[in-house]
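Worksheet: the structure to be examined is printed underneath.
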Amino acid sequence: MDKKYDHKIQEPKIQQKWEDLDVFKGKIEPDKKPFTIVLPPPNANGKLHTGHVLMLAIEDILIRWKKMQGYSTLWLPGTDHAGFETQMVFEKHLKEKGKSRFDYDRDTLYKEIWDFVEENKGIIENQMKRMGPGLDWSRYTFTLDESVVNTVYTTFRRMVDEGLVYRDDYIVNFCPECGTTFADLEIKHKDKISNLYYIKYGPLVVATTRPETKFGDVALAVNPEDDRYKEYIGKEIDYEDPLGKFSIPVIGDSYVDMEFGTGVLKITPAHDKNDYEIGLKHGLPVVSVIGLDGKMTENADKYAGMKVLEARELVVKELQDMGMIEKIDDKYENSVLVCYKGGHEIEPTVIPNWFIKVESLKKPALNVVKTNEVKIYPKWRKITYTRWMEEMRDWPISRQIVWGIRIPAWYDVDENPNLQITFINKKNQRITGKISDLLQNYPFEDVKEGLQTLIAPKDAKFRAQPGAQPRAEPCRLLQETDTFDTWFSSGHWPLATLKYPDSDDFKYFYPTSVMETGWEIIRFWVSRMIMFGLYLTGKPPFYDIYLHGLVRAVDGKKMSKSLGNAIDPLEYIEEYGADALRMGLISGTANGRDFAFPKDKVVAYRNFANKLWNMARFTLIMKDSLKEKENKDISNYTGDKSSLNDVDRDILNGLDNLIKNVDESLEKYRFSDASDFIYQFMWHEVADKYIENVKDREDKDIALGVLIYVLKTGLKLLHPFMPFVTEAIWEGLPVLDGDPELLINSKWPTV
RNA sequence: GGGUGGUUAGCUCAGUUGGUUAGAGCAUUCGGUUUACAUCCGAAAGGUCAUAGGUUCGAAUCCUAUACCACCCACCA
C-alpha cells in the first residue's frame, strides 16, 4: 500500500468496479423488503452544484445503509426539463444570434430547445457519477420522456372526466407589445416618476396612477381600522364620471394602507394583481377594460379602441372638466413592471387559464401528514407544509411557455371562432387576430403550421383527445399552446419513474421509502407529489420526507453569480476527494437548517480518509512482521469476548456501542451525528489508543485479530458515508469468514 | 407587512424529552518523528450560552419581552 491515500487514483477505479459489477441494479426480490428513493431530478442542462452533492450524499447514505441491511434497494435517477429556466437560457443564446423566441413558430422553437438540451444533457450525469452514488442508471428517466408525458396526459384526462379541471380567468403579466404573458421571473421593476391622480368618488377621494382603469372598478376599499371611513364600509356610494352616474360598494380590508394617498383604494381586479386578490377574497366580479391588444375594450364605452395612454389623457381631461379631480401629484415615485424582452410596460391582465380544483385533493394530502402516516424530518418543517395545504387555493396549471409538456386540449376552430391567435405566416410576419378573421385571409394549414400562441376564451369548447370526431365532416383542430406548470408533471415523478400503473417495478417498489429534497420546494413539489400519489393510487408516494438545508457559500451568504461566491464542487472533488466533500457537507446537516459550506470539515475528513488508510496499512505491516519474526498468523476473532483481556474487550464494547449509535442516528436522519460517532471512535479510540496498545502487546496474534475485526466493522459502518476510501481499503484487507469481494455487498454489522 | 429559523470558544457549528465539569473541526500556544499516518501524536489555553425578567431543587435547553441576523412569501394604489 502507498504511504498516502490518493483519491485521484482510487475513486475512478472503485467507481468503475461498482459499475462493472452492476452493484446498484434494482432487483425485484419478493423475499426481501424494498427500499426505494427517487432522486429529485436536476436540470438536464445544468451543472453539478453543492446542493446536488449534499442531496446525493444523503440519499446514497440511506441506499447503501439499507442495501447492506439486506433490503432490496432501488435509487432512481433522472433529469428535469426545467421548463421556464431552460427556455430562458436558450433565449439568451438566441439573443446572441440576434434572434428571439418571437421569430419562431411553436413547433420549431420546441425542437430547437430540445436539440439544445440534448447537447448538454450528459454533462451533469457524468458529474453526478463522480460522487459515487448508487443509482440504477438503467432506469434513467427524463421528464419529457414519452412515458412521462403519457402518464401526465392520463391524469389530466381523468381529471377532466371527473370535473376537476376547469378554465377560468387568471391575472397574468401580459405584454401587449409582445403579445404574450411573462412569468414573474421575466418581469423587472423600473422606477419612474408618475402622476398620482386624486379622483373624487362621491364623498370619497381615491389616489391612483391608473385613472383609465376606473371603468373596471368594482369596489372601493378602506382599512377597517380607519376611523375616517368606518361608516362607509358595507354601504354603496354614488359617484359620477364621464360615462355617467354609478354606485359602487365600499369594502373593508386590512390590505389598505391608511397612510397612503387618502386611505381609499379603488379595486380593479382585471388590471392589478393585488386588486385581483382582494376581489377574490370578497367575491367581486372582474371587469376588463383593456384588451389583449393593449386597447380599451367595449366595457370602456366611448373610449373603446383607444390605446391605454391616449385613454388616460382623455379620461383625465374630462374628469378635470367635470371637477372630479381634486389634485395631481406629478412627482410621485413608483415602480412599474416592464417585460425583460423589450422593457415594455406590463399590463396585468386576466386571461383564461387552466385550473385544477384542489379541494378534494388537498384534504387527504393534508391528513396523511397530520396523522404522521407521512413523516416530515426535521419536524419543525411540518408547519410549512400544513399551513400551505390549509391555505392552498385552486391551482393554475397552465403556463404560456413552449418548453414543457403541452396541454392535451384541442379546439375546433369552427366551434370556437373567437380563438385569439398569433402565428407566423409564410412571409415570416407575426400575425395576430381572431381565428374567424384570420381564416378569411389565410388557409387553415398556414395558421396551424405557423402557430405561435393561442388564447381561447374561458368557455371555449375543447376535447382532451385529438382523434375524437364528434362532427361528421373533418374537424380543423388547433392544440392548446400552453404547457403544464412544471410542478404538474414533476408531481408525478415517483409514479412516472416507476412506470405507473402496471409495471412490475411499480407493484414492487411503490410507495417509495423516503423523499429527500431541499425544503424550499416542499410547497411546490412535495405537496403535489403527495396529492397525485393519493389521487391516483390511494397511497402516499413515500412515507418519510427528509428536508435538507441550503448550502451557503463559505461566507455564510447565499451563493450567487453576482457575489462571485459560488463553490464549484468539482474543484473540491479534485483537491480533497468525493468522500471528503460528501462528509464535509454531511457535517452541516445536523438540524436541517441552512449552513455555510464547512470547508474545514472537508479538510478534516480528507485527513480522516488518509488516517484510515494508514490504520489499515499499519495493521498489515504488523501482520507481516508477526509472520516474519515469530512465524505466526493472526488469530481469527470470532466474536467470543470471554477469552480476551480488558483492553480488547473495551474496544469491542466500544464498537458495539458505535453500531448502536450509528443505527439510531440514521433512523432519525441524524447524519452528522452518525458520521461524527464513527470519526471519533475510529480516530481517537482505535487509532490513538488501541493501535498504540497493540504495538506493545506480547500476544500480537490475538490483538491483531481483534484489530482487523474492529477495522473491518468500522469500514462497514463508514461505507455509506465514505464509500470510495472504505471500499479501497477493503480490497487490501485479509478475507474473513463470509466477507464478500466488495464492501458494499457485505452485511451491515449488528450488536 | 406575514411566516420560519437563528444569536453557544477567535472562526464554522453540535448540544435530542431540562440533570454531573457545555462539545467537535479549524485556528492558537507548548512539547514530540523508536513499528503506520506531519493530511501525524501528546498536552494546554479559550465560553456570563444575545439581553432582561420568569418557572424550577436544577435552565444553553421551558415561558415572556427586547435587540440584532438570515431566509421564504407578499409587496404598496
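In this text the structure is predicted, and so the values were computed from the model without any measurement. Every chain is numbered from 1 and lettered A, B, ... according to where its sequence line falls, protein lines coming before strand lines.
Across all strands shown, A/Tyr679 has heavy atoms under 4.0 Å from sugar-phosphate atoms exclusively, and none from any base. Nucleic acid contact class of A/His684 (heavy atoms, under 4.0 Å, all strands): sugar-phosphate only. Note on A/Lys4: a base of the nucleic acid sits closer than 4.0 angstrom, heavy atoms only. A/Gln680 comes within contact range of the sugar-phosphate backbone alone, with a heavy-atom separation under 4.0 Å but no base atom that close. A/Trp613 comes within 4.0 angstrom of nothing in the nucleic acid, heavy atoms only. At the heavy-atom level, A/Asn274 lies under 4.0 Å from the strands shown only through sugar-phosphate atoms. No engagement by A/Met1 is indicated, since no non-hydrogen atom pair under 4.0 Å with the nucleic acid exists.
Counting atom types as modelled, A/Lys3 pairs no side-chain N or O with a base atom of B/rC37 as donor and acceptor under 3.5 Å.
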Taking N or O atoms only and anything under 3.5 Å, show me the protein contacts with nucleotides 9-14 of chain B, one pair per line.
| unit_1 | atom_1 | unit_2 | atom_2 | d |
| --- | --- | --- | --- | --- |
| B/rC13 | OP1 | A/Ala596 | N | 3.4 |
| B/rA14 | OP1 | A/Asn591 | OD1 | 3.0 |
| B/rA14 | OP1 | A/Asn591 | ND2 | 2.8 |
| B/rA14 | OP1 | A/Arg593 | NH2 | 3.1 |
| B/rA14 | OP2 | A/Arg593 | NH2 | 3.0 |

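Distance check on atom P: B/rU61 versus B/rG53 gives 14 Å, rounded to whole Å. When the C1' atom is used for both B/rU56 and B/rA43, the distance is 40 Å, rounded to whole Å. Distance check on atom P: B/rG23 versus B/rU48 gives 15 Å, rounded to whole Å. Only the P atoms considered, B/rA60 is 14 Å distant from B/rA52, to the nearest whole Å. The P atoms of B/rA9 and B/rG15 are separated by 15 Å, rounded to the nearest whole Å. With P as the reference atom, B/rC71 and B/rC13 are 13 Å apart, rounded to whole Å. Rounded to the nearest Å, the gap between the P atom of B/rC63 and that of B/rG47 is 29 Å. Taking the C1' atom of each, B/rA50 and B/rC69 are spaced 11 Å apart, rounded to whole Å.
A distance below 6.0 Å separates the ring centres of A/Phe671 and A/Tyr546.
Under a 4.0 Å N-O distance rule, the pair A/Asp648/A/Arg697 qualifies as a salt bridge. Taking a cutoff of 4.0 Å between a charged side-chain nitrogen and a carboxylate oxygen, A/Glu391 and A/Lys362 do not qualify as a salt bridge.
Under the Watson-Crick or G-U wobble criterion, with both distances below 3.5 Å, B/rA43 is paired with B/rU29. B/rC71: Watson-Crick or G-U partner is B/rG3, with both key distances under 3.5 Å. Base pairing of B/rA50 is made with B/rU66, judged by Watson-Crick or G-U wobble geometry with both donor-acceptor distances under 3.5 Å. Remark: B/rU20 base-pairs with no nucleotide in the shown strands. Criterion, Watson-Crick or G-U wobble with two distances under 3.5 Å. Base pairing of B/rA14: no nucleotide in any strand meets the Watson-Crick or G-U wobble criterion (both distances under 3.5 Å). Using Watson-Crick or G-U wobble geometry with both donor-acceptor distances under 3.5 Å, B/rA36 finds no partner in any strand shown.
The line from OG1 of A/Thr213 to CG of A/Asp272 is 8.0 Å long, rounded to the nearest 0.5 Å.
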*Verify side chain to side chain donor-acceptor pair (under 3.5 Å) between A/Asp329 and A/Tyr197, making sure each step is shown before the conclusion.*
CA-CA 6 Å; A/Asp329 174 2; A/Tyr197 304 91; over 6 Å; no

*Hey, mind stepping through A/Thr384 and A/Lys382 against side chain to side chain donor-acceptor pair (under 3.5 Å) and telling me if it holds?*
CA-CA 5 Å; A/Thr384 314; A/Lys382 191 169 159 180; over 6 Å; no

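Between the C1' atom of B/rA24 and the CE atom of A/Met682 lies a distance of 18 Å, rounded to the nearest Å. Distance, A/Asp676 CG to B/rG15 P: 11 Å, rounded to whole Å. The separation between A/Ile678 atom CD1 and B/rG25 atom P is 16 Å, rounded to whole Å. Atom pair A/Asn607:CG and B/rC26:P shows a separation of 7 Å (rounding to whole Å applied).
With a 6.0 Å cutoff to the six-membered ring centre and a 45° limit on the axis angle, A/Lys601 does not count as a cation-pi contact of A/Tyr679.
Annotation: side chain of A/Asp241 is in contact with side chain of A/Phe215 (closest heavy-atom distance under 4.5 Å).
The one candidate from A/Trp519, A/Trp388, A/Trp487 that meets the ring-ring contact (aromatic ring centres under 6.0 Å, His included) condition with A/Phe524 is A/Trp487.
Side chain of A/Asp688, nearest nucleotide from B/rG42, B/rC40, B/rU4: B/rG42. Of the candidate nucleotides B/rA36, B/rU17, B/rC71, B/rU17 has the atom nearest to the side chain of A/Lys379. Closest to the side chain of A/Trp519, from the set B/rC72, B/rU35, B/rU4, is B/rC72. In this structure, the nucleotide among B/rC40, B/rA36, B/rU35 sitting nearest to the side chain of A/Asn614 is B/rA36.
Judged by closest nucleotide on RNA chain B, A/Ala687 is the one of A/Ala687 and A/Val264 placed further toward the 5' end. Residue A/Val603 is the one, among A/Val603 and A/Glu692, whose nearest nucleotide of RNA chain B lies closer to the 5' end (criterion: closest heavy atom).
A donor-acceptor contact shorter than 3.5 Å is absent between the side chain of A/Lys623 and the backbone of A/Asp633.
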